[in-house]
Structures are given as C-alpha cells and as structure tokens.
Amino acid sequence: MIAIILGTRPEIIKMSPIIRACEALGEDYFTLHTGQHYSYEMDRTFFEDLELPQPEYNLDVGSGTHAEQTGKIMTGIEKVLLEKKPGVVLVQGDTNTVLAGALAASKLHIKVGHVEAGLRSFDRRMPEEINRIVADHISDMLFPPTETAKKNLIGEGILEEKIFVTGNTVVDAVEQNLAIAQRKGDLLQQLGLTAKGFFLVTAHRAENVDNKQRLEGILQGLEAIRNEFSLPIVFPMHPRTAKMVQAFGLSLDGICITKPLGYLDFLQLEANARLVLTDSGGLQEESCILGVPCVTLRDNTERPETVEVGANVLAGATSDVILNCVREKLEQHRVWTNPFGDGRAGKRIIKEIFKCF
Ligand code: UD1
Ligand code: UDP
C-alpha cells in the first residue's frame with residue numbers, strides 16, 4: 001500500500017497526477033493531508049478543481065514555527081503509519097510536510113519515495129533547501145525531474161540505483177488541466193484582461209515577503225513596470241504576503257490584487273500572461289512549460305533548467321534590476337524546449353514503485 005502525503009497548495013497540484021495514476025492502475029493507496037495549508041483557497045479549492053478524492057486523514061496541524069509545525073506533523077503521521085502500515089510513503093517537493101513525512105516514515109523503517117528529488121538552490125538559508133537535502137538523504141527511491149537534479153544527488157553520494165529520472169509531475173498537471181481551464185475559465189473576462197495584455201505576479205517566499213526591504217523592492221519594481229508598459233498587473237496574493245504587506249504598512253496602489261486563485265483560474269491567467277514575475281518554484285516551471293517568459297524575484301533558483309533554455313531570468317528583489325529583466329525578456333522570442341518531461345511522470349513513478357517493492 002502507498003501512503004501519499006501532502007499538505008500545501010503545490011503538493012496537492014503536483015501529487016494529483018500520482019493520485020490519478022494510482023486510481024487508473026488500481027493501486028492500493030491512501031492520502032494523508034497534514035493541514036499545513038488549510039484556508040479554502042489554499043487547500044479545498046484544489047481538490048474541487050482537480051476532482052480529487054477527499055484525503056482519508058487530515059491532521060489539521062495549521063501554521064506555526066518550523067519546529068512546531070514539523071513536530072506536530074511527525075507525531076500525527078507516525079500514528080497513521082503505525083495503524084495503516086503502508087509499504088511506501090510518498091512525499092513531494094520541499095515543504096515542512098515533506099521533511100516531517102519522510103522522517104516519520106524512515107524512523108519506522110517504511111520505504112520513502114521523494115518526488116521532485118535532487119533540486120538544489122545551494123542556499124542553505126532557505127528552509128526549503130534544508131527540507132530537500134534531508135528528505136533526499138533518507139529516501140529509498142528518488143524521483144528527480146531532470147538529469148541536472150540527478151547529478152546533484154550523485155554529487156552528494158546518493159546511490160544511482162535508488163534514482164529514477166521521471167520528469168516533473170507538474171507537466172502532467174498542466175496537460176491534464178490546461179484545456180479545461182481555457183474552456184471553463186472566465187476570469188480573464190471578469191478582470192477585463194486580454195490575452196498577452198497583462199503581467200501576472202506571485203510572491204510568497206519567506207526571504208522575500210518577511211523582509212521589508214525586499215518586499216518593498218519588489219513592489220517598487222511592479223510600479224516601475226506599470227509606468228513603463230501601462231498594462232494591468234495581476235497579483236493573486238498568498239496569505240503570508242497579505243499579512244506582511246499589512247504589517248509593514250506597504251501600498252498596493254495600482255496593482256490588481258486578488259485572493260489566491262483556484263488552479264483552473266490560475267492556469268488560464270498564467271497561459272495568457274505577457275510575462276510572469278514570481279518567486280514560486282512551481283510558477284518558474286509552469287511558465288516555462290506554457291511558453292510564457294518568467295522573471296524570477298530571487299537571487300538563485302533550484303530550477304536552473306528554466307534559465308538555461310531561455311525561459312527564465314533571475315532578477316532578485318531590486319526595482320531597477322526587475323525592470324531591466326522584464327525589458328530583456330520581452331525582447332526575446334518565446335520559443336524554447338520544455339525541460340521537465342513528457343507529462344507521464346505520475347504513471348512512471350507509480351510503475352517504478354510497483355517494480356521495486
Ligand atoms: C509553504 C512552504 C513553501 C511553499 C509554500 C507553498 C515550508 C517551510 N514552506 O510556505 O516552501 O513554497 O508553502 O505555498 O514548508 N496561511 C494562511 N492559510 C493557509 C496557509 C498559510 O493564512 O492555508 C498563512 C499563515 O499566516 C501562515 C503563513 O501563511 O503563518 C505561512 O504559511 P506556512 O505554511 O508556514 O508557509 P508558506 O509561506 O505557505
Ligand atoms: N497557484 C494557484 N493559484 C494561485 C497561485 C499559484 O493555483 O493563486 C498554483 C500554481 O499554478 C502552481 C502552484 O500553485 O502550480 C505553486 O504553488 P506556490 O507558488 O504556492 O508554491 P511553490 O511552487 O513555490 O512551492
């Protein structure tokens with residue numbers, strides 16, 4: 001039996017092709033939601049949009065410090081694993097849910113599979129980098145999306161026989177949902193937007209939004225873009241960012257702020273944006289897959305493939321650099337190859353697990 005552990009927005013989206021593959025292949029599995037994300041628009045909306053079955057367990061851990069959240073998740077997961085005794089636990093990505101799930105399972109000698117293994121920003125100040133490294137080193141099966149990610153794992157001494165390059169399940173998710181999003185979505189119309197006639201922004205990374213200077217730099221960059229291009233800037237705002245904008249007393253004048261959006265609405269905006277500005281890992285990948293240029297509001301990325309193919313550029317959080325990067329990206333043509341696979345990663349992962357165990 002496979003235990004699929006998830007807890008945040010990107011994990012629900014990127015695990016959805018794996019859940020679908022389990023259903024399609026008649027695999028014995030159950031889903032455990034840690035409750036790291038819990039607001040309707042960060043959680044339930046994705047189960048509705050992606051038509052996923054309700055998780056069998058929800059730990060409802062909510063927000064907290066890193067240790068509080070990780071500890072609560074580990075305690076909750078351990079109980080469920082002792083009761084259900086799955087053969088394999090699958091975690092995806094780099095959140096506290098991943099760290100806690102992988103640790104709890106490995107201490108019970110349950111096999112751990114890490115989906116999206118091997119990503120490295122080489123910046124250990126990021127909580128995500130710590131989570132990735134620990135999860136990779138205690139996993140029994142590692143599913144890096146690309147050869148670059150595999151090389152990172154080999155470089156850290158992880159045995160090649162545990163590593164299976166599968167592509168990223170985000171390609172499966174985009175392919176499975178884009179046509180539905182384009183057909184069903186009417187958010188473009190509702191917001192009065194035209195195809196390629198607006199910029200789409202997201203930012204939620206702790207090192208950006210919890211730091212007043214960086215958050216201010218990003219917002220000033222958006223103002224400079226609006227002044228130069230006179231196009232709408234749409235910013236579906238993560239709750240962490242909304243909280244910090246308020247705490248720092250920053251102005252959002254001139255920006256179209258929305259709540260975090262459901263996946264279908266968001267994909268429709270992303271596919272139709274002139275350009276994406278983001279610090280999100282998932283958006284760097286999706287914009288690359290969708291052929292939309294991306295300016296990344298960070299100093300490094302664990303998705304270097306997006307930069308190498310010409311889809312993405314690193315801008316940091318300084319207003320004039322952000323504006324220059326937008327200018328540069330808008331001048332380049334929008335054709336590149338998708339480095340993240342063929343959209344069959346979900347099935348490939350389930351088949352590899354079946355072969356090994
Ligand atoms: C987490 C992950 C990050 C991932 C992101 C995806 C960690 C360390 N961070 O960051 O890697 O990119 O999810 O979105 O695991 N909040 C709500 N409602 C929610 C969830 C959060 O209001 O449903 C607010 C709370 O004020 C909370 C804050 O957002 O304190 C941060 O939430 P948390 O889960 O700690 O981290 P994220 O920033 O969401
Ligand atoms: N996303 C969404 N609605 C939004 C913002 C993002 O559905 O308002 C999706 C986006 O398409 C991508 C995922 O959420 O698949 C990225 O999640 P996030 O940026 O929170 O986390 P990260 O990828 O940085 O870990």
Side-chain angles (χ1 to χ4, degrees), residues 6-17 33-46 48-50 60-70 72-73 91-101 116 119 121 126-132 134-135 168-174 176-178 181 185 187 200-210 234-244 246-247 257-271 273 276 278-290 292 296-298 301-303 340:
L6 44 77
T8 65
R9 169 167 77 184
E11 292 165 82
I12 303 168
I13 293 167
K14 288 176 169 176
M15 279 296 202
S16 69
H33 193 319
T34 63
Q36 178 171 345
H37 283 176
Y38 45 86
S39 302
Y40 171 81
E41 58 274 6
M42 296 299 288
D43 172 19
R44 276 230 316 279
T45 184
F46 298 102
E48 291 169 11
D49 272 5
L50 298 165
D60 283 322
V61 298
S63 306
T65 67
H66 284 278
E68 274 167 4
Q69 197 172 52
T70 309
K72 273 193 204 162
I73 299 175
V91 292
Q92 190 286 331
D94 55 17
T95 65
N96 288 345
T97 289
V98 171
L99 172 68
E116 204 180 75
L119 274 60
S121 66
M126 293 178 73
E128 291 85 359
E129 185 78 350
I130 305 295
N131 295 345
R132 288 180 200 116
V134 176
N168 196 309
T169 58
V170 76
V171 183
D172 313 25
V174 168
Q176 287 165 13
N177 295 289
L178 183 61
L187 194 66
L200 179 65
V201 183
T202 78
H204 71 279
R205 219 58 38 221
E207 65 270 19
N208 276 339
V209 306
D210 293 4
V234 184
F235 191 162
M237 198 170 271
H238 189 289
R240 176 180 207 122
T241 315
K243 195 168 77 177
M244 296 316 292
Q246 204 179 15
I257 304 292
T258 73
K259 284 188 168 176
L261 299 171
Y263 195 53
L264 297 179
D265 278 342
F266 192 80
L267 260 189
Q268 196 206 19
L269 287 194
E270 209 177 351
V276 163
T278 193
D279 63 11
S280 156
L283 261 85
Q284 291 175 64
E285 294 157 352
E286 284 172 349
S287 56
C288 179
I289 295 161
L290 291 165
V292 176
T296 291
L297 306 167
R298 286 177 46 191
T301 180
E302 56 293 316
R303 274 94 175 165
F340 294 116

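Here the structure is a predicted model, which means the values were calculated and not measured. Start at 1 and go down the list; that is how both ligands and their atoms are numbered.
Listed by number with element, the atoms of ligand 2 under 4.0 angstrom from any heavy atom of Leu261 are 2 (C), 3 (N), 4 (C), 7 (O), 8 (O). Every atom of ligand 1 is numbered from 1 in the order shown, and the set under 4.0 Å from a heavy atom of Arg240 is 28 (C), 29 (O), 31 (C), 36 (O), 37 (P), 38 (O). Heavy-atom proximity to Gly282, at under 4.0 Å, picks out these atoms of ligand 2: 22 (P), 23 (O). Below 4.0 Å from some heavy atom of Met42 lie the following atoms of ligand 1, by number and element: 23 (O). Of all atoms in ligand 1, listed by their number and element, those nearer than 4.0 Å to a heavy atom of Lys243 are 26 (O), 30 (O). Within the listing of ligand 2, atoms 9 (C), 13 (C), 14 (O), 15 (O) sit less than 4.0 angstrom from a heavy atom of Ile13. Heavy-atom contacts of Ser63 reach the following atoms of ligand 1: 25 (C), 27 (C), 30 (O) (cutoff under 4.0 Å). If you number the atoms of ligand 1 from 1 as listed, the ones under 4.0 Å from a heavy atom of Ser39 come out as 17 (C), 18 (N), 19 (C), 22 (O), 23 (O). Those atoms of ligand 2 with a heavy atom of Pro236 less than 4.0 angstrom away are 8 (O). Of all atoms in ligand 2, numbered sequentially from 1 with element shown, those under 4.0 Å from a heavy atom of Leu283 are 10 (C). Close approach to Pro239 involves these atoms of ligand 1, each under 4.0 Å from a residue heavy atom: 16 (N), 17 (C), 18 (N), 22 (O), 24 (C).
Any N or O atom pair closer than 3.5 Å counts here, and Arg9 shares no such pair with ligand 1. Of the polar atoms of Glu286, at least one N or O is found under 3.5 Å from an N or O of ligand 2, judged by distance alone. Ligand 1 has an N or O atom lying under 3.5 Å from an N or O atom of Asn96, backbone or side chain. Residue His204 has at least one nitrogen or oxygen atom sitting less than 3.5 Å from a nitrogen or oxygen atom of ligand 1, judged on distance alone. The distance criterion of under 3.5 Å between nitrogen or oxygen atoms is met by Ser280 with respect to ligand 2. Considering both main-chain and side-chain atoms, Pro260 never comes within under 3.5 Å of ligand 2 through any nitrogen or oxygen pair. When only interatomic distances are considered, the shortest N/O to N/O separation between Arg205 and ligand 2 falls below 3.5 Å. On a distance-only criterion, Arg9 and ligand 2 share at least one N/O pair closer than 3.5 Å. Taking any N or O of Phe46, backbone or side chain, none lies under 3.5 Å from an N or O belonging to ligand 2.
If you look at His204 next to ligand 2, the close heavy atoms, those under 4.0 Å, all belong to the side chain. Under 4.0 angstrom from ligand 2, the non-hydrogen atoms of Phe266 all belong to its side chain. Here Glu128 has side-chain heavy atoms under 4.0 Å from ligand 1, and that is the only part of it that gets that close. Contacts of Pro10 with ligand 1, taken as heavy-atom pairs under 4.0 Å, involve the side chain alone.
Between Ile289 and Val170 the shortest side-chain heavy-atom distance falls below 4.5 Å. With contacts defined as side-chain heavy-atom distances shorter than 4.5 Å, the pair Met237/Pro260 does not qualify. Residues Ile12 and Asp43 meet the side-chain proximity criterion, which asks for heavy atoms closer than 4.5 Å.
Annotation: atom 16 (N) of ligand 1 to nearest protein heavy atom, Tyr38 OH, 3.5 Å. The single protein non-hydrogen atom nearest to atom 39 (O) of ligand 1 is His37 NE2, 2.7 Å, given as residue, atom name and distance. Annotation: atom 21 (O) of ligand 2 to nearest protein heavy atom, Pro10 CG, 3.4 Å.
Leu264 pairs in a side chain to side chain contact (heavy atoms under 4.5 Å, CB included) with only one of the listed residues (Leu178, Leu50, Asn177), which is Asn177. A side-chain hydrogen bond (donor to acceptor under 3.5 Å, both in side chains) with Asn131 holds for exactly one of Thr95, Thr70, Asn96; it is Asn96.
What you find for Ser280 and Thr278 is that their closest heavy atoms are N-OG1, 3.0 Å. Contact detail for Ala203 and Thr241: the closest heavy-atom pair is O-OG1, 2.5 Å. In terms of heavy atoms, Arg298 sits closest to Glu302 at NH2-OE1, 2.7 Å.
With respect to the salt-bridge test (charged N to carboxylate O, under 4.0 angstrom), the residues Arg132 and Asp94 qualify. The pair Lys14-Glu286 does not meet the salt-bridge criterion, since no charged nitrogen lies less than 4.0 angstrom from a carboxylate oxygen. Using a cutoff of 4.0 Å between basic side-chain nitrogens and carboxylate oxygens, Arg240 and Asp210 are scored as salt-bridged.
Inspection of the Tyr40 and Glu48 side chains reveals an N or O donor paired with an N or O acceptor under 3.5 Å. With 3.5 Å as the limit, one finds a donor-acceptor pair spanning the side chains of Glu129 and Ser121. Between the side chains of Thr45 and Tyr263, no donor N or O sits under 3.5 Å from an acceptor N or O. Checking Thr301 against Gln284 by side-chain atom types alone, a donor-acceptor pair falls below 3.5 Å.
In this comparison of Glu11, Arg132, Gln36, the heavy atom closest to atom 33 (P) of ligand 1 sits on Gln36.
The aromatic rings of His204 and His238 lie parallel to each other, their planes meeting at an angle below 30°, with 60° marking the opposite boundary.
Under a 4.0 Å heavy-atom criterion, Glu41 is not in contact with ligand 1.
Put simply, CD on Glu285 and CG on Asn168 are 4.5 Å apart, with the number rounded to the nearest 0.5 Å.
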